[in-house]
Amino acid sequence: MRTSLFSAFAAILAAALLTSCGTQKDSNDFGYEIKDRVIVYNTPERPSDQISMIGFAVDPIDTVRVGFIGLGMRGPSAIDRFTYIDGVEITAICDLYPEKIEPVQRLLERRGKARAAEYSGEDGWKKLCEREDIDLVYIVTPWLTHVPMSVYAMEHGKHVAVEVPAAVSVEECWQLVNTAERTRRHCMMLENCVYDFFELTTLNMAQQGLFGEIIHTEGAYIHNLDPFWDEYQDNWRYEYNKQHRGDIYPTHGMGPACWALNIHRGDRMKTLIAMDTDAFNGKKLAQKHGEESYLNGDHTTTLIRTEKGKTIEIQHNVVTPRPYNRMYQVEGTEGFANKYPNEGFSIRTMGRQIEGTEEGKALFENLDGEAYVSREMRDALMSEYQHPITREGSLVETAKRVGGHGGMDFIMDYRLIYCLRNGLPLDQDVYDAAEWSCLGELTRVSIENGNKPVEMPDFTRGDWDKLDGLKLYIK
């Protein structure tokens with residue numbers, strides 16, 4: 001199955017390189033042109049009033065004052081999680097609809113917190129961003145509002161945490177990058193899947209060298225949304241799927257995959273190629289809404305090659321009846337990790353010297369790597385290589401009790417506040433937000449141009465190798 005998939009992509013890539021060059025297209029500052037049968041995205045020069053955000057940190061903020069925008073599907077649960085984090089003051093809350101406000105105020109009261117300042121209506125979010133007593137604006141709204149709100153908040157001196165995807169076009173990605181660099185404010189996308197316990201443990205194992213050199217990663221968002229379409233305000237998510245081809249929701253798969261490969265921390269994504277199926281079920285979904293057109297393919301697959309010769313595969317599917325699957329995989333020269341549908345590790349240790357504790361070394365006698373380790377050994381590895389950021393106090397127990405996709409949402413929020421309070425670089429920076437979100441446009445452009453390869457923009461503007469690997473900072 002894997003061989004045939006890669007063969008198909010190889011055939012498409014070869015065909016693309018044999019077709020005519022086409023004409024120059026979309027060659028504005030943030031667009032692309034077709035050169036020698038390859039779609040080449042521009043990487044504009046950094047303006048003189050901007051400074052790279054690589055490794056950026058601000059002075060410690062003892063009490064982080066937060067304003068929340070969006071009290072719909074995910075906003076109230078985020079506010080509830082924040083009430084369990086020390087050093088937080090929930091200063092203001094906002095939603096388009098005023099009736100969303102009071103249930104959240106009652107939630108705060110139940111948790112022993114003060115009622116927050118209230119904003120609603122079309123411009124309520126602007127008034128929230130303009131307050132002087134807010135350090136962080138937390139944005140949980142439909143996708144098309146993410147960049148306008150994030151930019152406005154940063155321009156008013158606020159750090160930003162914004163739901164996924166952070167942006168829906170390459171130009172919007174550049175808006176986030178340029179605004180963060182100019183205002184010197186954090187802009188973190190709220191990608192929770194990097195904080196899943198399995199992903200964090202696998203990341204630590206990879207960084208400890210258990211899998212050898214990581215050469216390939218995979219991720220996906222495969223989630224049948226049939227039970228949920230009607231829950232989105234004004235059908236905004238259905239409307240977006242209806243109007244756009246490509247992988248429009250890539251970040252859950254991209255985040256863990258890019259972390260394992262140290263993207264913009266020693267390597268960068270260079271070339272992308274994407275393909276999709278027809279909208280078989282998508283058109284059936286449109287017919288239920290009395291419409292005929294539906295652009296998003298039922299299944300979209302993307303391959304990416306990095307500067308250092310590694311590869312990433314990402315998949316998107318929200319309309320076919322199959323089990324939920326984030327398909328997190330890490331493949332190295334000496335081992336392998338997989339999350340869906342089977343959670344496990346395969347590691348070759350014969351002839352290798354394994355570093356670590358004596359208990360840890362004892363786990364690795366004469367493994368040939370040709371099969372998953374036993375369930376007992378898997379559990380022992382999960383304990384031995386628990387990521388350091390989750391070892392603090394009772395964080396894991398609190399995360400599982402408070403919840404949020406099994407606890408990873410709580411760890412995400414906790415780490416955001418922890419880094420701000422301790423003056424540390426955030427786990428995710430604005431370049432992560434741009435790199436992981438830009439697939440929405442890049443995959444569409446590849447597909448609509450006959451599956452041509454795309455040379456991706458470098459949002460770091462040449463700074464992708466300034467850091468020596470991913471580091472999640474602990475004071």
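Please read these numbers as outputs of a predicted model, since none were measured by experiment. All heavy atoms count here, side chains included; hydrogens, waters and symmetry mates do not. Positions are given from 1 along the sequence.
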Does a side-chain heavy-atom distance below 4.5 Å link V40 with I34? no
Between T183 and T179, is any side-chain donor less than 3.5 angstrom from a side-chain acceptor? no
If we ignore hydrogens and angles and just use 3.5 Å, is the side chain of D429 paired with the main-chain N or O of M53 as donor and acceptor? no
Just so I know, are the side chains of I214 and T333 near enough to count as touching, which here means a heavy-atom distance under 4.5 Å? no
Salt bridge (charged side-chain N to carboxylate O under 4.0 Å, His left out) between K270 and E455, intermediate numbers included: CA-CA 6 Å; K270 186 176 180 181; E455 285 196 11; over 6 Å; no
Could you give the distance from CG (L420) to CG (L426), rounded to the nearest 0.5 Å? 5.5 Å
Heavy-atom closest pair, residues I85 and R81: CG1-O, 3.7 Å
Full working for side chain to side chain donor-acceptor pair (under 3.5 Å) between D413 and Y138: CA-CA 10 Å; D413 294 334; Y138 197 104; 2.8 Å; yes
Sub-4.5 Å side-chain heavy-atom contact between I312 and H216: no
What heavy-atom pair brings V430 and L176 nearest, and what distance separates the two atoms? CG2-O, 3.6 Å
Can you tell me if E191 uses its side chain to pair, donor with acceptor, with the backbone of H252 under 3.5 Å? yes
Does the side-chain contact (heavy atoms from CB on, under 4.5 Å) test come out yes or no for V194 and Q428, once each step is laid out? CA-CA 10 Å; V194 296; Q428 301 175 52; 3.8 Å; yes
Please find out if less than 6.0 Å separates the ring center of F82 from that of F68. yes
Can Y41 and E441 be counted as having a side-chain donor-acceptor contact under 3.5 angstrom? yes
Could you check D427 against K471 for salt bridge (charged side-chain N to carboxylate O under 4.0 Å, His left out), going step by step and ending with a plain yes or no? CA-CA 8 Å; D427 298 341; K471 184 176 181 181; over 6 Å; no
Does a salt bridge link D409 with R74, judged by any charged N lying under 4.0 Å from a carboxylate O? yes
E45, CD atom: more than 12 neighbouring heavy atoms under 6.0 Å: no
Are any side-chain N or O atoms of S346 and backbone N or O atoms of G369, one a donor and one an acceptor, separated by less than 3.5 Å? yes
Are R348 and D368 close enough for a salt bridge, meaning some N to O gap below 4.0 Å? no
Ignoring hydrogens and angles, tell me if any N or O in the side chain of R322 forms a donor-acceptor pair with the backbone of T320 under 3.5 Å. no
With a cut-off of 3.5 Å and sequence neighbours excluded, list every side-chain donor-acceptor pair involving residues 254-261.
none

Between W464 and F459, does the ring centre distance come in under 6.0 Å? no
Do E435 and H264 get their side chains close enough for a donor-acceptor pair, meaning under 3.5 Å? yes
Look up atom OG1 in T271 and atom CG in L442, then write down how far apart they are to the nearest 0.5 Å. 11.0 Å
H156 backbone acceptor or donor facing K158 side chain under 3.5 Å: yes
Check for a donor-acceptor pair, side chain of N451 on one end and backbone N or O of A274 on the other, with a separation under 3.5 Å. yes
Decide, yes or no, whether a salt bridge links R421 with D135 under the criterion of side-chain N to carboxylate O below 4.0 Å. no
Could you tell me which non-hydrogen atom of R391 sits nearest to which non-hydrogen atom of Q386, and how far apart they are? NE-O, 3.2 Å
Would you call E155 and R182 a salt bridge, taking side-chain N to carboxylate O under 4.0 Å as the test? yes
In short, salt bridge (Lys or Arg N to Asp or Glu O under 4.0 Å) pairs touching residues 164-177 with sequence neighbours left out are none
Would you sort out whether D267 and T306 count as a side chain to side chain donor-acceptor pair (under 3.5 Å), showing the intermediate values? CA-CA 7 Å; D267 201 354; T306 75; 2.8 Å; yes
Indicate the ring-plane relationship of F410 and Y84, choosing parallel, tilted or perpendicular according to the 30° and 60° boundaries. perpendicular
Under 3.5 Å, side chain of N338 to main-chain N/O of Y340, donor-acceptor pair present? yes
For A57 and P425, which heavy atoms make the closest approach, and how far apart are they? CB-N, 3.6 Å
Under the 6.0 Å and 45° cation-pi test, does R185 pair with F56? no
Between D247 and Y221, do the side chains contain a donor N or O and an acceptor N or O under 3.5 Å apart? no
For side-chain contact (heavy atoms from CB on, under 4.5 Å), just list the numbers for I389 and I474, CA-CA rounded to whole Å, side-chain angles, deciding distance to a tenth of an Å, and then say yes or no. CA-CA 7 Å; I389 69 169; I474 300 175; 4.0 Å; yes
Flag the pair M412 / M188 as yes when at least one side-chain heavy-atom distance between them is below 4.5 Å, and no otherwise. yes
For D86 and I417, work out which heavy atoms get closest and say how close. O-CG2, 3.9 Å
N/O donor to acceptor pairs below 3.5 angstrom from side-chain atoms of residues 197-205, sequence neighbours left out:
unit_1	atom_1	unit_2	atom_2	d
E199	OE2	R326	NH2	2.9
T201	OG1	F197	O	2.9
T202	OG1	F198	O	2.9
N204	OD1	Q208	NE2	3.4
N204	ND2	Y385	O	3.0

Give, for atom NZ of K400 and atom OG of S394, the distance between the pair rounded to the nearest 0.5 Å. 12.5 Å
Aromatic ring proximity W143/Y249, centre distance under 6.0 Å: yes
Roughly how far, to the nearest 0.5 Å, is the CD atom of E331 from the CD atom of E213? 12.0 Å
State, without any angle test, whether Y414 and E392 hold a side-chain donor-acceptor pair at a distance under 3.5 Å. yes
Separation of I248 CD1 from R444 CZ (nearest 0.5 Å): 11.5 Å
Counting only heavy atoms not in D468, do more than 12 sit closer than 6.0 Å to its CG atom? no
Residues T443 and G246: closest non-hydrogen pair is OG1-CA, 3.4 Å
d(N42 CG, D458 CG) to nearest 0.5 Å is 12.5 Å
I want to check something: taking the side chain as every heavy atom from C-beta on, are H316 and P250 in contact at a cut-off of under 4.5 Å? no
Go through the steps for R461 and S52 under the test side-chain contact (heavy atoms from CB on, under 4.5 Å), then give the verdict. CA-CA 8 Å; R461 295 178 168 104; S52 172; over 6 Å; no
Ion pair check, R65 and E89, cut-off under 4.0 Å: no
Go through the steps for N178 and F30 under the test side-chain contact (heavy atoms from CB on, under 4.5 Å), then give the verdict. CA-CA 12 Å; N178 288 336; F30 310 117; 4.2 Å; yes
Under a 3.5 Å threshold, yes or no: a donor from one side chain and an acceptor from the other, between D463 and Y431? no
Is any side-chain N of the basic residue among D196 and K339 closer than 4.0 Å to the acidic one's carboxylate O? yes
